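Just so it is clear: chains get the letters A, B, ... in the order the sequence lines come, proteins before strands, and each one is counted from 1. As the structure is a prediction and not an experimental result, all values here were calculated from the model.
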There are 2 protein chains.
Amino acid sequence: MSVAPPRPSLPPLNALRAFESAARLGGFKQAAGELNVTAGAVAQHIKFLEAWCCAPLFERRAKGVSLTVLGQSVLADFERAFDAVGFASQRLRALGAPKNVNIAALPSVAQLLVVAWLPAMRDAVQGVQVSVTAMEEAPNLAREPFDLSLFFELNPKQSLTGLDALIPVASPSLVAGFTDLEAFMSARHISDQSWAQDWPRWFEAVFPDQIYSGSGPSYSLFSMAVEEAKSGAGILMAHRSLVAPLLKSGALVVAMDRPVPIDLALVLERSPISGESPVVDALVEVIETLV
Amino acid sequence: MSVAPPRPSLPPLNALRAFESAARLGGFKQAAGELNVTAGAVAQHIKFLEAWCCAPLFERRAKGVSLTVLGQSVLADFERAFDAVGFASQRLRALGAPKNVNIAALPSVAQLLVVAWLPAMRDAVQGVQVSVTAMEEAPNLAREPFDLSLFFELNPKQSLTGLDALIPVASPSLVAGFTDLEAFMSARHISDQSWAQDWPRWFEAVFPDQIYSGSGPSYSLFSMAVEEAKSGAGILMAHRSLVAPLLKSGALVVAMDRPVPIDLALVLERSPISGESPVVDALVEVIETLV
DNA sequence: TTAATAGGCCTAGAAAAACTGAGTCTTGCT
DNA sequence: AGCAAGACTCAGTTTTTCTAGGCCTATTAA
């Protein structure tokens, strides 16, 4: 008999979040990625939650998991709840530190475009601290602490640049030596590892009746490939929107003026709360001017 | 330079919950009570949150705290968010373990009324585990894992019993000896510590032109006072709704039939999600029959 | 003015929670 | 059968969170 008797307690919030994430993404591994922990940690949270509510939430399949009926019937509630938590947190951050702005961008976008815009940005919003975080996947702006995101999307309704195009680029000195197609094809063909298919794709579109046979190094970071191309190491198959500033400055030139349209486009998204922030408004305007 | 670069992270959920609680209740101490931790723990959460959003959320006053403008402007968002979390958790519990029902009640209500109802309850919903938790304050049924609560409220719109009344009760043998008012007044006047004013209050209402001068022991638990009264130790100034079953059974009798109405009434509340539960429906019916 | 009090703050140490890492198990695919 | 993917488990570790107790300040009462 205790003085302050133990009450039946609520489930730990972190376990609830793990459930929501795993249920929404359809797997512990994906949830682990989103939450920046290991899959084992997620499994433990879920297990705890299942013990708390005395019922299984997932059916364990060989690959991945699937929700039980119970899991399905509460998922929507938890999505709503954590959306609300994320929204409130975003708002707290934005109101509390209006002089800090976080931008999320694909690594290549961050290094090739955003960096170039930063001076103008600083100019437009003085005294504001603009942070840029590179990541592979666009964050959920309703949940994570970013004000703006810049990612490629498939056939978006709205985009900064319109649909993108593949275009081969190289250093001016290298291009000067391309007297014929053979010279072009036998040069080193630089590419980005995550866009390794761009060279064959472009070639097939431009020379539909021929087989692509070029070769060359690939880099895990697009900006490394760009550096190599700038130093004359070969021809880079680039996304036009990413190298536009370099083409403008002359650091790179088009190696063969046959752009091939692709269905990706660069999209700028604003967090739901950014409407309240004149600072973000100003930054968006700078971006739209410079792009 | 790390492979998985650290992202700006969301604030810890527990810190957000501490903020919400402290802001809603208007103090760290109250929040500590609600969260079942010490005030220091709450203070640390708040401090962390203030560091995270780079701005103070509370103004520290000598007694208690008050929200800053920033705190005020995000409180509503967090209330909504944690209401949603609580609702989802409640629903998970109710759907996952529909055979467990939790009732929250004032200690005196639990010991004098609910205990008496339990056999009928068990009968009405067989195979269901009914747990009763005694507490001083009504829990927030939208947040905490209870299906029903039974507490006294000031002038409620709806109640189980209507407005309550103070009534002096004692064991039959003791009452038999009360030949006049003096005998009544010089008997031991038992009371509950948290309702210590009930004796003077009753006396003033019944004998407006006299000064109350009785005395006797008080107990921190109303049910202890009841036990004492049953064993003939004195006259207990009781709330009529609480001793009704004992008056009915004859264990206690009215010592002077002058009930004094008070503006409290016993209220039964259901959690927002209990509408989905036929088990809770059945229990409510049992209670309304027996009260 | 002084004392008493209530509430928040701080810090060290303790307790609890969460996380990792490595190995296991299951199952679907080739 | 062999492989791969994903989830599970468990021990050990790291990190977070909590408590206890003393301190400080402002209000209230005397």
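- Taking only side-chain atoms of A:Lys29, from C-beta outward, the nucleotide of D:dG6, C:dG8, D:dT19 with the closest atom is D:dG6.
- In this structure, the nucleotide among D:dT19, D:dA11, D:dC8 sitting nearest to the side chain of A:Ala43 is D:dC8.
- Within 4.0 Å (heavy atoms only), A:Val65 reaches sugar-phosphate atoms of the nucleic acid but no base atom.
- Residue A:Phe28 places its side chain closer to D:dC8 than to any other of C:dG7, D:dC8, C:dT20.
- Distance A:Leu35 CG to D:dT15 P: 18 Å, rounded to the nearest Å.
- Distance CZ (A:Phe48) to C1' (C:dC19): 16 Å, rounded to an integer number of Å.
- Among the nucleotides D:dG6, D:dC18, C:dG7, the one closest to any side-chain atom of B:His45 is D:dC18.
- Look at A:Lys47 and you'll find a side-chain N or O under 4.0 angstrom from OP1 or OP2 of D:dT9.
- In this structure, CG of B:Asn36 is placed 17 Å from P of D:dT17, rounded to the nearest angstrom.
- Considering only the side chain of B:Gln44, C:dT11 comes nearest among C:dT11, C:dC19, D:dC8.
- In this structure, A:Phe19 atom CZ and D:dA7 atom P are separated by 15 Å, rounded to whole Å.
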- Task: Take B:Arg17 and B:Glu79 through the salt bridge (Lys or Arg N to Asp or Glu O under 4.0 Å) test and state the conclusion after the steps.
- Result: CA-CA 9 Å; B:Arg17 177 162 57 182; B:Glu79 282 192 46; over 6 Å; no
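- Across all strands shown, B:Ala39 has no heavy atoms under 4.0 Å from either base or sugar-phosphate atoms.
- C:dT5 atom P lies 23 Å from atom CZ of B:Arg61, rounded to whole Å.
- Comparing C:dT20, D:dA7, D:dC18 by their closest approach to the side chain of A:Ala41 singles out C:dT20.
- Across the protein-nucleic acid pair, A:Leu49 atom CG and C:dA17 atom P stand 15 Å apart, rounded to whole Å.
- Electrostatic pairing of A:Asp83 and A:Arg143 counts as a salt bridge here, judged by a charged N lying under 4.0 Å from a carboxylate O.
- Note on A:Thr38: a side-chain N or O is less than 4.0 Å away from OP1 or OP2 of C:dT20.
- Side chains of B:Ser220 and B:Gln193: a donor-acceptor N/O pair is absent below 3.5 angstrom, by distance only.
- Remark: C1' of C:dA17 and CG of A:Asn14 are 9 Å apart, rounded to the nearest angstrom.
- Every residue meeting the salt bridge (charged side-chain N to carboxylate O under 4.0 Å, His left out) condition with A:Arg91, not counting sequence neighbours, appears here in chain and number order: A:Glu276, B:Asp77.
- To the nearest angstrom, P of C:dA18 lies 13 Å from CD1 of A:Ile46.
- Partners of A:Phe87 under the ring-ring contact (aromatic ring centres under 6.0 Å, His included) rule, at least two apart in sequence or in another chain, do not exist in this structure.
- DNA chain C is contacted by both B:Gly26 and A:Pro12; B:Gly26 maps to the nucleotide lying nearer its 5′ end (nearest heavy atom per residue).
- Between C:dC9 and B:Arg60, a contact under 4.0 Å exists linking OP1 or OP2 to a side-chain N or O.
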